[in-house]
Amino acid sequence: MNDTVASLHFKFEVNGGDFAKAGDASSRVKKILQQIGADQAIIRRVAIACYEAEMNVVIHARHGFVVLDADLEKIIIVVDDEGPGIEDIELAMTPGYSTAPDSVREMGFGAGMGLPNMKSCSNEMEIHSRRDVGTTIRMVFENA
Ligand SMILES: Nc1ncnc2c1ncn2[C@@H]1O[C@H](COP(=O)(O)OP(=O)(O)O)[C@@H](O)[C@H]1O
Ligand SMILES: [Mg+2]
C-alpha cells in the first residue's frame, strides 16, 4: 500500500513598484513545475496567469505573496496583496480596462488584459477584494 500523496507548497514575496524583480516569482513557479514534470500545456497556462497576477501586485498594490500548491491532480495559485483593492471587479475584468498610470504604460504594461487572461488560462478563478485593504486571487489549473 502506498498512501503517499505527492504535493508541494511554495510562497514567494512580491513588492509593489519593484519592476527590477517583477516576474521573478512567476519564473520560480514555472521552474518548479518543469522540475516536477508537469504537463507543458498546464505549465504554460499557469506561467501566463501567475505572471499577470504578480504584475498586478507590482503595478497596482504595495506588497504581496504568490503561493503555489500542486499535487497530482491540480495546481493552485493564490496571489494575495495589501493594496488599494479592486472597487468594481466586473469592470476590472473588462478586456482593455486599466487604471495603470502613464509611467507604467510607458514601460509596456497596462493593456488591461491581465485579469481576462488569468480567467481564460485558469479552470477556476475567484477574486476577493476589499477597498484600501487588498486583493486575493485564487486560480485553479487542472490537466486538460
Ligand atoms: N492587485 C490589484 N490591486 C488593485 N487593483 C487591481 C489589482 N489587479 C487589478 N487591478 C485593477 O484592475 C484593472 C485591470 O487589471 P488588468 O486586467 O490586469 O489590467 P492592467 O494591469 O493592464 O491595468 C487594473 O488596471 C486595476 O485598476
Ligand atoms: Mg495587469
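In each ligand, atom 1 is the first atom listed, and ligand 1 is the first ligand listed.
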### Message
Between D88 and L91 (side chain of the first, backbone of the second, donor and acceptor by atom type, cut-off under 3.5 Å), is there such a pair?
### Response
yes
Checklist line | Main-chain N/O of V78 paired with R138 side-chain donor or acceptor, under 3.5 Å | finding: no
Between S129 and I86, the two heavy atoms sitting closest are OG-N, 2.6 Å
On a heavy-atom basis, the closest approach of F12 and A25 is CB-CB, 3.7 Å
Yes or no: does F109 have any heavy atom under 4.0 Å from an atom of ligand 1? no
Near P116 (heavy-atom distance under 4.0 Å), the atoms of ligand 1 are 17 (O)
Check: of V57, V58, I86, V79, min heavy-atom distance to atom 5 (N) of ligand 1 comes from I86
for atom 9 (C) of ligand 1, nearest protein heavy atom and its distance come out as N56 ND2, 3.6 Å
In this structure, atom 1 (N) of ligand 1 is nearest to the protein heavy atom D81 OD2, 2.8 Å
Heavy-atom closest pair (A61 atom, P84 atom, distance to 0.1 Å) is CA-CD, 4.0 Å
Is a side-chain N or O of R105 found less than 3.5 angstrom from the main chain of A100, in a donor-acceptor match? yes
Looking only at heavy atoms, the pair that brings M93 and P116 closest together is O-CG, 3.4 Å
Closest to atom 12 (O) of ligand 1 among protein heavy atoms sits A92 CB, 3.4 Å
Can you tell me how the ring of F65 sits relative to the ring of H63, calling it parallel under 30°, perpendicular over 60° and tilted otherwise? perpendicular
May I ask you to check if any N/O/S atom from N56 comes under 2.8 Å of the Mg ion (ligand 2)? yes
A student checking ligand 1 against G112 at a 4.0 Å heavy-atom cut-off should list atoms 17 (O), 19 (O), 20 (P), 22 (O)
Handout entry: ligand 1 to I59 polar contact by distance, N or O atoms, under 3.5 Å
Key = no
Polar proximity ligand 1 side, A61 side, N/O cut 3.5 Å exclusive = no
A student checking ligand 1 against S98 at a 4.0 Å heavy-atom cut-off should list atoms 20 (P), 22 (O), 23 (O), 25 (O)
Nearest non-hydrogen protein atom to atom 17 (O) of ligand 1, with distance, is L115 N, 2.9 Å
The closest protein heavy-atom partner of atom 4 (C) of ligand 1 is G85 O, 3.5 Å
Logged contact type for A111 with ligand 1, heavy-atom cut-off 4.0 Å, is backbone
So for I137 against ligand 1, with non-hydrogen atoms under 4.0 Å, the contacting part is neither
Using modelled atom types and a 3.5 Å cut-off, is there a donor and acceptor pairing between side-chain atoms of R62 and backbone atoms of G134? no
closest protein heavy atom to atom 14 (C) of ligand 1 is Y97 O, 3.3 Å
(Q) Could you check whether any heavy atom of G134 sits closer than 4.0 Å to an atom of ligand 1, since that is the contact criterion I want to use? (A) no
**Asked** Is a side-chain N or O of N123 found less than 3.5 angstrom from the main chain of E142, in a donor-acceptor match?
**Response** yes
min-distance protein heavy atom vs atom 26 (C) of ligand 1 -> T99 OG1, 3.3 Å
Tell me if a side-chain donor or acceptor on E54 pairs with a main-chain N or O of D24 at a distance below 3.5 Å. yes
